[in-house]
Every structure is written in C-alpha cells, then in structure tokens.
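In what follows, residues are counted from 1 in the order of the sequence shown. Counting starts at 1 for both ligands and their atoms, following the listed order.
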Amino acid sequence: MMKSRSLRIALTLSAAAILAGCSSSGATTAPVVTAPPVVASAPVVASAPVVTPAPSAAGKVFTLKDLTVGFIQTGSESGWRAANTASFKETAATEGVTLKFYDAQNKLENQVSAFHNFVQDPSVNVIVLAALDVTGYDTVLAEAKAANKLVVLEDRRIDADSSMYYTYIGSDFINEGHEGAKAMCDLLTAAKVTKKNVVEISGAVGASAGIDRAKGFRENMGACGITVTATQTGNWGVPESKAVMEAFLKKSKDIQGVFAHNDEEAIGAIQAIKEAGLVPGKDIQVVGFDATADGFKYLISGEMGADIECNPLLAPQVFDAAVKGLNGDTTVPKWVPSQEGQFFAAQGADALNAILKTRKY
Ligand code: GYE
C-alpha cells in the first residue's frame, strides 16, 4: 500500500508539472449557511511557536481583500461537506477574498497535484487544505515552505510536523468520539438492555475525522460496558453504509447499537434496520455525527437517538487566520478547535424543529 501510493504521488507530481492546475465547482448546490448555536466551550490549546512566512513587501498590512486562496477540498461526499464548501464560497464572495476552489473528488493524488500547482501559482498567497488523509503531503508541504506560501489546514488534522503549516482550524474529533460513547451509553441504559454490542460504520479509511472519532469512542465505551463487535467503512455515504449494516445484520442479530461516523452513514444503517423488520431507536440505538439538517430529521423521528455536532462553517476563522499569518502574527495557536455541541431525540420534536429552523445546513 505505502510503496504504491508514494509512487502514485511521485508520478502525479511529475504529471502535475505538465498539466498545471484545474478547478471545478464540484460541490452540490450549496445551502445558504448561518452560524450554529454555541453549545459547549472548546478545549484550550496552548499556543505553540508559529513559523511565519517570509515577510511580504515591507510595511504592507494584508487584509481579507489581499487574499488569493488556493482551497483544496476533499470532494462532495456529504451534507457536511456541501455546507463546508458553501461556507468558503459565500464568505469569500462576501469578504472579497479571491478563492481558487479545487474539488479533489476524494482522491489523494488529486489533492497532492492541486497543492503542487497552487505552490507554483504566483497569484496564490495562501493554500488551504481539507485533508483526505492523515499522510501523503510531506513533499508538497516542503515545497510550500520553500516557496514561502502560507498553509492553513481546515476541518481535518494531518500527521505532519506543525512547523510545516501556519495553523489548523477544525474539530476535536476525539472529544466528539467521547461524546458519542456517552450518548450511546445513555441510550442503551435508557433502553434497559442487558448486552451492549455496538457495530461501527466508520468514515473513509485514513481520514482523521474517522480515526479520532473511533479512538475517542473506544476511550469512553469501556466504562459503560459497551463492546464494538464489528467495524467497516461506509465511506461517509448512505448506500454503502446501508449495505454494510445489512451485512452486519445478516451475520448477527445480537446488535444493540450503531456507532456511525456521520449522518449519511447513520441514515444508511437506519434504512437497513427497518428493512430487517426492526425499529431503529427502539430495537437498535443509533448515534450519528455532524448534526446536519438530514440528521435532524432522524432525531425528530426518534430513529437516531443522538447526533454529535461537527461545525462546517469554518471559512471566516480560516480567512482571519490567513490574514494574521501573512502579517507575521505569531500569536495564533497551532490548533483552533471548533465550537460544537450534541443533539438528542430526547429533546423532543418541537424543540428540535425550533433549533432546526435556525440552522440551514
Ligand atoms: O463528518 C463527514 C465528512 O471531516 C468532519 O467529513 C468532516 C467529515 C464529516 O465527509 O460528513
């Protein structure tokens, strides 16, 4: 696996030199976005020394209008992703930021070649990456550093030395996993089940969101006597997750809960549970992540018991950090965790509908 992937990346980089940059809107029709309610305070992260890019024209003070951002998006795999893309496109339009949007269609090599091209592009002064994978970017990060391009990570962390980027703005996925296990524990306890066998439909392999949610869930499940009895990726999508849950149910009916890494995966599991003649939220408890409008529908129907929020509206913070970085600001921490909370079917349809009205994603 490693050998062929690094080979593929190397090949891609040489191809990229030939092809030189492409962009496509790619994202599904973007919903209008509004700020989510602040529910829980983010963990405090010590501010690490930052590496600022070479000073720009002496004395120039950068503003949002001076930003030309090469934005490398993962693809358009979920409702969360559509809201994240809309946050960047709409905030850029509002603030006068020049946005070069690249949809990698969920292919790592596409992200690496786009990154390479943005490094080569003299008009781009900031590269923003929503990383598909935790590894695979070392070469292009080194290129960006050598070219004094400011790099900001958004949404997902990567396993690279933090000196290779200015800051990371994204969720505490481990904490989300903790909250997911707590919610599952409460649901199973309320359901008065004796056994707590939970199956996991995980995110795309290699994505920090999935890796860390899985880690956080396992860190907290033991205290409640929960066991993860099966795990498989649903690649963040409904149909694939439905097939995964059908296979789990064919293999064993001794399942009391589903830990699904995003709303689409939870919805796929719910469809399979119903087609198996079981009642989601009664026979099997379902916990999802993102808390998109689609997720809320299943909270309101009671088929999903809990939805752990993940904030997609990151563009304003990312652009603000980019301006600070270009102005040589050394006070921005290496990680700026997102503000987010949790929602429960137990809040009741009226309360959830009222909240839903304030949320457009
Ligand atoms: O949970 C999922 C999306 O990185 C937080 O990616 C994001 C995840 C989100 O595809 O819906």
Side-chain angles (χ1 to χ4, degrees), residues 26-28 30-31 33 36 42 71-88 103-108 111 128-134 137 152-159 168-180 183 200-217 233-241 244 258-269 286-298 304 306-315 317-318 335-343 359 361:
T28 53
V33 288
F71 177 36
I72 305 165
Q73 184 56 290
T74 58
S76 49
E77 73 278 1
S78 67
W80 188 97
R81 190 61 55 192
N84 182 245
T85 293
S87 174
F88 278 85
D103 174 344
Q105 293 167 348
N106 288 293
K107 292 194 175 64
L108 178 63
Q111 288 206 315
V128 175
L129 173 67
L132 271 167
D133 225 301
V134 286
Y137 306 95
V152 175
L153 306 178
E154 77 100 15
D155 170 24
R156 295 180 184 167
R157 68 167 179 78
I158 58 176
D159 289 347
Y168 157 47
I169 296 174
S171 299
D172 184 342
F173 296 120
I174 292 179
N175 183 55
E176 289 181 2
H178 290 160
E179 295 294 345
E200 176 185 36
I201 305 180
S202 60
V205 176
S208 66
I211 293 169
D212 293 352
R213 283 171 184 161
K215 182 172 185 297
F217 189 93
T233 182
N235 277 316
W236 307 118
V238 175
E240 198 169 333
S241 302
V244 168
V258 179
F259 162 35
H261 284 205
N262 77 343
D263 286 338
E264 281 78 6
E265 295 184 339
I267 293 165
V286 180
V287 171
F289 290 73
D290 288 350
T292 58
D294 285 346
F296 262 74
K297 286 192 199 109
Y298 289 85
M304 193 194 299
D307 208 346
I308 312 303
E309 179 180 38
C310 185
N311 177 10
L313 310 181
L314 303 177
Q317 288 171 275
V318 170
W335 176 26
V336 182
S338 311
Q339 300 264 344
E340 44 203 33
Q342 304 82 37
F343 300 94
R359 301 160 65 83
Y361 66 91

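Of all the atoms in ligand 1, the ones that sit under 4.0 Å from a non-hydrogen atom of C310 are 5 (C). Of all atoms in ligand 1, listed by their number and element, those nearer than 4.0 Å to a heavy atom of A209 are 4 (O). Those atoms of ligand 1 with a heavy atom of S78 less than 4.0 angstrom away are 2 (C), 3 (C), 10 (O), 11 (O). Atoms of ligand 1 lying under 4.0 Å from any heavy atom of F173, numbered from 1 in the order shown and given with element: 5 (C).
Summary of contacts: the protein heavy atom closest to atom 5 (C) of ligand 1 is D155 OD1, 3.3 Å. Closest protein heavy atom to atom 8 (C) of ligand 1: R156 NH2, 3.7 Å. Ranking the protein heavy atoms by distance from atom 10 (O) of ligand 1 puts E77 OE2, 2.6 Å first. The nearest heavy-atom contact from the protein to atom 2 (C) of ligand 1 is D290 OD2, 3.5 Å.
Each of D294, D290, L313 was evaluated against Y361; a single residue qualifies, L313, per the side-chain contact (heavy atoms from CB on, under 4.5 Å) test. Screening D159, L129, I72 for a side-chain contact (heavy atoms from CB on, under 4.5 Å) with Y137, the sole residue that qualifies is L129.
Residue E264 has no N or O atom closer than 3.5 Å to an N or O atom of ligand 1.
Note on ligand 1: F289 sits outside its first shell, no heavy atom being nearer than 4.0 Å.
E179 places none of its side-chain heavy atoms less than 4.5 Å from the side chain of E309. When side chains are defined from C-beta on, T233 does not count as touching I201, because their heavy atoms never get closer than 4.5 Å.
Checked against a 6.0 Å centroid threshold, the rings of F259 and F289 count as neighbours.
Residue R213 touches ligand 1 through its side chain alone, judged by heavy-atom distances below 4.0 Å.
Inspection of the S78 and E264 side chains reveals no N or O donor paired with an N or O acceptor under 3.5 Å.
With respect to D212 and R157, a salt bridge is recorded, a charged nitrogen being found less than 4.0 Å from a carboxylate O.
Residues D103 and S76 come closest through the heavy atom pair OD2-OG, 4.2 Å.
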